2 protein chains.
Amino acid sequence: MVTMSDVAREAGVSVMTVSNVLSDRRPVGAPTRARVLAAVEALGFEVNLTARHLRAGRTDTVALIVPSFHDYFGEVADEIAPLVEAEGRHLVLERTSANPEHEMESLSVARLQLYDGVLLSVAALDRDQLDRVRTPKPIVLLGEHEVPDRFDHIKLANEEGARLATSHMIEGGSRRILALGAAYESAHKMTTDRRVGWETAHREAGLPVDERYVVPVTTYSSQGAREALLDVVASGLPFDGVFAVTDVIALGAVAALAESGLRVPDDVQLAGFDNLDVSSFVPPGITSIDPNHRGVAQDAVRLLHRRMADAAAPAEHIVAPVRLVVRGSTRGGR
Amino acid sequence: MVTMSDVAREAGVSVMTVSNVLSDRRPVGAPTRARVLAAVEALGFEVNLTARHLRAGRTDTVALIVPSFHDYFGEVADEIAPLVEAEGRHLVLERTSANPEHEMESLSVARLQLYDGVLLSVAALDRDQLDRVRTPKPIVLLGEHEVPDRFDHIKLANEEGARLATSHMIEGGSRRILALGAAYESAHKMTTDRRVGWETAHREAGLPVDERYVVPVTTYSSQGAREALLDVVASGLPFDGVFAVTDVIALGAVAALAESGLRVPDDVQLAGFDNLDVSSFVPPGITSIDPNHRGVAQDAVRLLHRRMADAAAPAEHIVAPVRLVVRGSTRGGR
DNA sequence: ATCCGGGATTTTAGCGTTAAACTAGGAGCA
DNA sequence: TGCTCCTAGTTTAACGCTAAAATCCCGGAT
């Protein structure tokens, strides 16, 4: 491996001068700089970032730690990356497997020290576990959990979004709306919040809330949703609307409805949550709640930068507003 | 920050003993070990991985460098992660923005040194640029480009897959099949390969190859595909089949066909490539070419481990087999 | 001629860890 | 007794870089 001292010897200068040329931290005379750069080129030197990090105490890298790499998180990550890069830092993704043990490990202060800041999407950690995380490292939490007050935190307006989607279908004429993927007790606080919004919409409309219409899914995927909804159809429970707690769930619902010969939106209205790209392309277009990924990404990065600049700043808790996007899967709107 | 020497002082031992307890590299007497662990606990010590990396020369981390975090790459990444973790290493994702400059930067040896091995998904680098990458770091290339022989490389059987999908639609009765998203000259070698497979299928069936049926997309997305296909419909060019070079493109096609009142598969058959999750749920199910993500992930990790174990091993070039998955968007099969 | 200011460059001193060499203190054995 | 061997622990010397302090050198002011 070529080190800085190799370059220094080749250029006939001290190691520190090489460092100064490369990092532009202190002025270096033009002829010297040229000789150093020539030596760098000749030897193919690349600075050892690990050594730089150890010495300089920063890594110029931010981590986004997510439960899984695909779908929702991939899309958000692609929004966050340019914002982080705009500040001259790198973004890397790490994964927790939505598994409490792994999430704890990724959270170990050891791993955190590799980064100047961390955006942590909390999927599987409860408040107690988070409370045990004691580190001066700047952290911003993303996600729908309850979190200790001392953390910066961004969550979506889950209840409000679910209420909007459900109310919209009620206005469109649905009277028996399933809450697909919702739950009463769940590791995912999010599904509970969205169920509450679904209930609120019913109450506001003076409609009864029937527990049979809360349909949990066994595995949290399109496939799980498809199966769960096919079971409902088979059971004979009448319904004329489906509020899917996420668009991934809604996608499974689309498949199940088509297989059951139910037309969308004529027989059954359908609305999802997350406004994934896919939702606008699946005919007839899936009405969804747009969480404004870009806005969330901007808030997240803003909070993180603030925290990195001032460790003592008071923690900020943001509830990101959501917005109903009406498409062909519901009646009304366009 | 609590360091090892703080722990050593607290436990009344040398720093080296603390290191030995934590890394299990050399035996330590039981009472001493207990005292050290108590001190670690009491002070909340976490090892500084940067220092460990500098000294030990390894990071126990593998990077997967991809053009973007969502869709295809997210799915592959989720397959790769457990395989890397099974060997006691971490996986992190970095992004290149499918932009040659950024990809070059991520490839700079400087950044590579942070990892014990790198899986690089080559989207925007041509052979010459890759040829300039000189590093002893274990690298496995993933993707459809031509790459220098000295690199380990895994690519899909693009031509074969495109041929399979197209032939299948020809057997199903289509005679005028668009190659949507394909190209003659393209930064994405993949789209050219798949166009060739589309041509081959025509030749094998004794059908003419009409250049007007190769429809490029302006932006590589569902939206771009939707617009391109709507333009074709507006132009009046008759067609009865669409081979979409990726499922993301196919999804845009589904939307455009539905908007144009064309029925799938009755009026137009449709097939994609990649077999994304979404393809099995979009009614009537999108016929697609399954690249076997899991198999590709396994091969990738196997090659990387081999390369990490033996830097001098001869480079391996794998063409991963693909398989046609027939769904409702084409006639025939089930 | 001497001193001074200030930019250019070097020297010093680690950052926190671990590989390798070394020491202390027994146990085992002839 | 004296020697070797072993185990448990310590000391030493980096890994490759950079912050901070020290030094050098030259033109201009006194």
Side-chain angles (χ1 to χ4, degrees), chain A residues 1-37 39-40 43-61 108-116 135-137, chain B residues 1-37 39-40 43-61 108-116 135-137:
Chain A
M1 170 185 286
V2 183
T3 72
M4 237 179 220
S5 59
D6 296 327
V7 175
R9 198 178 319 111
E10 173 86 9
V13 297
S14 74
V15 181
M16 205 53 225
T17 299
V18 178
S19 174
N20 285 333
V21 168
L22 295 179
S23 66
D24 251 341
R25 271 193 143 28
R26 309 175 59 82
V28 175
T32 313
R33 147 171 270 116
R35 259 188 307 140
V36 168
L37 290 177
V40 164
L43 300 179
F45 169 76
E46 297 272 352
V47 69
N48 181 322
L49 292 179
T50 302
R52 171 178 285 178
H53 296 166
L54 177 59
R55 177 64 239 216
R58 20 171 207 94
T59 64
D60 295 325
T61 302
S108 77
V109 180
R111 195 89 200 149
L112 293 188
Q113 285 177 339
L114 295 175
Y115 306 107
D116 289 350
T135 163
K137 190 62 61 177
Chain B
M1 170 185 287
V2 182
T3 74
M4 240 181 219
S5 60
D6 297 327
V7 175
R9 197 177 321 110
E10 174 86 8
V13 297
S14 75
V15 180
M16 207 50 227
T17 298
V18 177
S19 175
N20 287 333
V21 168
L22 294 178
S23 67
D24 251 340
R25 271 194 144 24
R26 308 172 57 83
V28 175
T32 313
R33 147 171 269 115
R35 258 186 310 141
V36 167
L37 291 176
V40 165
L43 300 179
F45 169 76
E46 297 272 352
V47 69
N48 180 322
L49 292 179
T50 301
R52 170 178 287 177
H53 295 166
L54 177 59
R55 176 65 240 212
R58 17 168 211 94
T59 64
D60 295 324
T61 302
S108 76
V109 181
R111 196 85 200 153
L112 294 189
Q113 284 177 339
L114 294 175
Y115 305 107
D116 289 349
T135 165
K137 191 61 62 177

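Note that the coordinates shown come from a computational prediction; the quantities given were computed from them, not determined experimentally. Below, chains carry the letters A, B, ... as their sequence lines are ordered, and counting in each starts from 1.
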* In whole angstrom, what separates B/H53's NE2 from D/dC17's P? -> 17 Å

* **Separation of atom CG in A/L49 from atom P in D/dC15, rounded to whole Å** =>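 These atoms are roughly 18 Å apart.
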
* With heavy atoms under 4.0 Å as the rule, sort A/T17 into base, sugar-phosphate or nothing. =>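 Base contact.
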
* To do: Quick one: label A/V15 by what it contacts on the DNA or RNA (base, sugar-phosphate, nothing), any heavy atom closer than 4.0 Å.
  => base

* To do: Please tell me if the side chains of B/E10 and B/V7 come closer than 4.5 Å, counting only heavy atoms from C-beta onward.
  => no

* Note, B/T61 side chain near A/R111 side chain (heavy atom, < 4.5 Å) ->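 In short, these two side chains touch, coming nearer than 4.5 Å.
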
All N/O contacts under 3.5 Å from nucleotides 19-21 of chain D to the protein, with atom names and distances to one decimal?
from, atom 1, to, atom 2, distance (Å)
D/dA19, OP1, A/R25, NE, 3.0
D/dA19, OP2, A/R25, NE, 3.4

* Looking at B/Y115 and B/K137, what are the two nearest heavy atoms and their distance? ->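 In terms of heavy atoms, the two residues are closest at O-NZ, 2.9 Å.
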
* Asked: Which atom names give the shortest non-hydrogen contact between B/D6 and B/T3, and what distance separates them?
  ->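 Here B/D6 and B/T3 meet closest at OD2-N, 2.9 Å.
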
* So what is the end-to-end bend of the helix from C/dA1-D/dT30 to C/dA30-D/dT1, with 5 pairs used at each end and the value given to 10 degrees? -> 60°

* Asked: Mapping A/T3 and B/G12 onto DNA chain D by nearest heavy atom, which one lands closer to the 5' end?
  ->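 Here B/G12 is the residue nearer the 5' end.
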
* To do: Name the residue closer to the 5' end of DNA chain D, choosing between B/V13 and B/L54 according to the nucleotide with the nearest heavy atom.
  =>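 It is B/V13 whose nearest nucleotide is closer to the 5' end.
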
* Asked: Taking the side chain from A/T59 and the backbone from A/L114, do they hold a donor-acceptor pair closer than 3.5 Å?
  ->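 Yes; at least one donor-acceptor contact below 3.5 Å.
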
* Would a distance-only check, ignoring hydrogens and angles, find a side-chain to backbone donor-acceptor pair under 3.5 Å from B/T50 to A/L54? -> no

* To do: For DNA chain C, note the earliest and the latest nucleotide, 5' to 3', having some atom under 4.0 Å of a heavy atom belonging to chain B.
  => C/dG16 to C/dA20

* Does the pair A/Q113 and B/M1 meet the rule for a side chain to side chain contact (heavy atoms under 4.5 Å, CB included), with working shown? -> CA-CA 10 Å; A/Q113 285 177 339; B/M1 170 185 287; 3.5 Å; yes

* Approximate separation, where rounding is to 0.5 Å, of A/H53 NE2 and A/D116 CG ->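 Result: 8.0 Å between the selected atoms.
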
* With A/N48, which residues qualify under side chain to side chain donor-acceptor pair (under 3.5 Å), at least two apart? ->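 Side chain to side chain donor-acceptor pair (under 3.5 Å) check on A/N48 returns nothing, list empty.
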
Listing, residues 15-28 of chain B side-chain donor-acceptor contacts under 3.5 Å, not counting sequence neighbours, or none:
from, atom 1, to, atom 2, distance (Å)
B/T17, OG1, B/S14, OG, 3.3
B/N20, ND2, B/M16, O, 3.3
B/S23, OG, B/S19, O, 2.9
B/D24, OD1, B/R33, NH2, 3.0

* **Stretch residues 28-36 of chain B: residues that reach within less than 4.0 Å of DNA chain C through a heavy atom** =>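 Heavy-atom contacts with DNA chain C come from no residue of residues 28-36 of chain B; none.
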
